[in-house]
There are 2 protein chains.
Amino acid sequence: MKILVVEDESDLRDAIVSNLIGQGYICEFAEDYRQAEDKLLLYEYALVVLDIQLPGGSGFDLLRWLKKEMNNTGVLILSAFDSLDHKINGLDRGADDYLTKPFHLSELNSRINAIIRRRIYVGSSTLIFNEIELNHEYRSVTINREPVPLTKKEYDLLNYFMINKKRVLTKESIAEHLCGDDIDLANNFDFIYTHIKNLRQKITKHGGEDYIKTVYGMGYKMTDR
Amino acid sequence: MKILVVEDESDLRDAIVSNLIGQGYICEFAEDYRQAEDKLLLYEYALVVLDIQLPGGSGFDLLRWLKKEMNNTGVLILSAFDSLDHKINGLDRGADDYLTKPFHLSELNSRINAIIRRRIYVGSSTLIFNEIELNHEYRSVTINREPVPLTKKEYDLLNYFMINKKRVLTKESIAEHLCGDDIDLANNFDFIYTHIKNLRQKITKHGGEDYIKTVYGMGYKMTDR
DNA sequence: CTTCAACAACGAGAATTTTCATTAAATGAA
DNA sequence: TTCATTTAATGAAAATTCTCGTTGTTGAAG
């Protein structure tokens, strides 16, 4: 799951990109219309953060093209104008959200997370990763069709990995996801180590492969190879 | 702590109001812009549930006025339009949440609870009930100035009682408050008995009076007499 | 005043979550 | 490479939360 940031002002762009990477997203950027188009043709992105005023063309045009070519990509529009007209224009053309500059990065984050969460939960309630299946409706997990008893925290952890497969998840973001509002940011997140260990043990014990790879210094990701 | 429901469709309004009263809230309503304004000038409400399309004026206007005049009141917007623009418009102007009709009452409940919980934690961070003091900033509780070690669930439970002193709280609403979204509605709520017992024991053991009165067949309330 | 049924209190223990101390592994610098 | 440092894994135990069976209470009906 990748995010493309299309923004010509380098300071803002760098801030957004490094912030998103810090959040555990895989993040690329484009500086103008042409670059953005090229990248969008080459890779699949879950979300495009799109500035409206771009060298080489209007962000609205890119949005229209994007929505025609690939409608599985979310779009968050950035604009220097707090014009209702612009806003409606953008949202009518299929953007998922609209943010006026200047904004706080935290605001951007929460909107990005909201878009991605919305896109993820659409579709079926069953997540499948090779022999592992997770069914939200029954809150059940099976490996090779055999049920695996998981505690709530383990279930949530596995779910988080399966939603974000191939993406690196930091201890911090995992803790935030597992504990919701109850998280104590002053504390350390070492208890995640234990949950990871327990989940891995239960998966392998029930005949599953350990797809949870450690990314040293970063976090973990669930992946095949 | 009172909630004002501003909604002109009488069926929906009645449903919301009786539902909220059932939840233990003190609840009033207004049918149009003018009535809403009058009530808001007269009484203090913790939360306004606000329909956007109102006879006599737009809910957005009321929201803007409300946020200018009294910014200690939470606002949850109801709208028949699932328009992102509306949503952003509302949230930008200071609403705390936004719900599109039609919705389940349970959805409304959990959002209302969330807003109220959030608002409670803002503001003055110390709650006092005779010899018992609860300080959010340090997540600490003292009885006669002596610290009392409480677990998170006990702390949240005591907090819930102190926020709602003299009001009867049902097992169900307590469970919902303690467990947030994690609540399993199919289950029974007997574990509340244990938390009540443990909290009472800790309070009396540390020299506090047991203000948590059992209301047979109803629930519990925290009160002096 | 009894009896009954629903509700609440309680203790004990099971399950889960979290902490902690120790060991192992990975990385970058010397 | 080796060393030092940071990061991760692990087992064990502490703390917390939840379940369950038993006992006690309450209020309504007879």
Side-chain angles (χ1 to χ4, degrees), chain A residues 22 24 139 141 147-161 168-205 210-223, chain B residues 139-141 147-161 168-205 210-222:
Chain A
R139 241 189 189 289
V141 171
V148 182
L150 294 184
T151 69
K152 180 174 151 34
K153 282 280 180 349
E154 287 157 7
Y155 179 92
D156 285 352
L157 179 58
L158 179 60
N159 177 39
Y160 193 42
F161 273 118
V168 176
L169 305 174
T170 64
K171 275 210 305 287
E172 287 72 18
S173 79
I174 291 172
E176 208 172 316
H177 189 264
L178 291 191
C179 301
D181 296 336
D182 302 344
I183 196 83
D184 187 355
L185 295 165
N187 270 22
N188 61 357
F189 303 109
D190 288 359
F191 67 98
I192 295 302
Y193 288 137
T194 304
H195 288 305
I196 294 273
K197 182 196 62 175
N198 292 337
L199 178 58
R200 278 171 162 164
Q201 284 180 352
K202 281 203 186 168
I203 287 175
T204 52
K205 184 179 139 199
D210 181 14
Y211 298 115
I212 300 172
K213 313 292 184 196
T214 303
V215 184
Y216 190 88
M218 281 271 131
Y220 302 88
K221 68 176 168 179
M222 188 170 189
T223 178
Chain B
R139 240 191 189 290
S140 71
V141 171
V148 181
L150 294 185
T151 69
K152 179 173 150 35
K153 283 280 181 350
E154 288 157 7
Y155 180 91
D156 284 351
L157 179 59
L158 178 60
N159 177 39
Y160 193 42
F161 273 118
V168 176
L169 305 174
T170 65
K171 276 209 305 287
E172 287 72 17
S173 80
I174 292 171
E176 209 173 314
H177 189 263
L178 291 191
C179 300
D181 296 336
D182 300 343
I183 195 84
D184 187 354
L185 295 165
N187 270 23
N188 61 359
F189 302 108
D190 288 0
F191 67 98
I192 295 302
Y193 288 137
T194 304
H195 288 305
I196 293 274
K197 182 196 63 178
N198 292 338
L199 178 57
R200 278 171 162 163
Q201 283 180 353
K202 281 203 185 167
I203 287 175
T204 53
K205 184 179 140 198
D210 181 13
Y211 297 115
I212 300 173
K213 312 292 183 194
T214 304
V215 184
Y216 190 87
M218 281 272 129
Y220 302 88
K221 69 175 168 180
M222 187 169 188

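So you know, we letter chains A, B, ... as the sequences are listed, proteins then strands, and number each from 1.
- OP1 or OP2 of C:dA8 has at least one side-chain nitrogen or oxygen of B:K171 nearer than 4.0 Å.
- Across the protein-nucleic acid pair, B:K202 atom NZ and D:dT17 atom C1' stand 12 Å apart, rounded to whole Å.
- Taking only side-chain nitrogens and oxygens, A:R200 comes nearer than 4.0 Å to OP1 or OP2 of D:dA9.
- When distances run from any side-chain atom of A:K197 to the nucleotides C:dA8, D:dA8, D:dG11, the shortest one goes to D:dG11.
- The aromatic rings of B:Y220 and B:F161 stand perpendicular to each other, their planes meeting at an angle above 60°, with 30° marking the opposite boundary.
- In this entry the distance linking CG of B:L178 with C1' of D:dT17 reads 11 Å, nearest Å.
- Residues passing the side-chain contact (heavy atoms from CB on, under 4.5 Å) test with B:T151, sequence neighbours excluded: B:K153, B:E154, B:K202.
- Nucleic acid contact class of A:T194 (heavy atoms, under 4.0 Å, all strands): base.
- In this structure, B:Q201 reaches the sugar-phosphate backbone alone: every heavy-atom distance under 4.0 Å involves primed, P, OP1 or OP2 atoms, never a base.
- Here B:H195 does not reach the OP1 or OP2 of D:dT17: none of its side-chain N or O atoms lies under 4.0 Å away.
- Rounding to the nearest 0.5 angstrom, the gap separating the OH atom in A:Y193 from the CG atom in A:N188 is 9.0 Å.
- Set against C:dA8, D:dT17, D:dA9, the side chain of A:T214 has D:dA9 as its closest nucleotide.
- Put simply, the side chain of B:Y216 and the base of C:dA6 share a donor and an acceptor less than 3.5 Å apart.
- Between B:F189 and B:F191, the ring planes are tilted. Angles from 30° to 60° get that label.
- Spacing between atom CG of B:N198 and atom P of C:dA12 amounts to 13 Å, rounded to whole angstrom units.
- The distance between atom CE of A:M218 and atom P of D:dA8, rounded to the nearest whole Å, is 10 Å.
- The nearest pair of heavy atoms linking A:R200 to A:I212 is NH2-O, 2.8 Å.
- Using a 4.0 Å cut-off, some side-chain N or O of A:Y220 falls inside it from OP1 or OP2 of D:dA9.
- One interatomic measurement links the two molecules: OH of A:Y193 to C1' of C:dT19, which rounds to 14 Å at whole-angstrom precision.
- What separates CD1 of B:I196 from P of C:dC10 is a distance of 11 Å, to the nearest Å.
- B:K153 comes within 4.0 angstrom of the backbone, heavy atoms only, and of no base.
- Across the protein-nucleic acid pair, B:N188 atom CG and D:dT19 atom C1' stand 8 Å apart, rounded to whole Å.
- In this entry the distance linking CZ of B:F191 with P of C:dA9 reads 15 Å, nearest Å.
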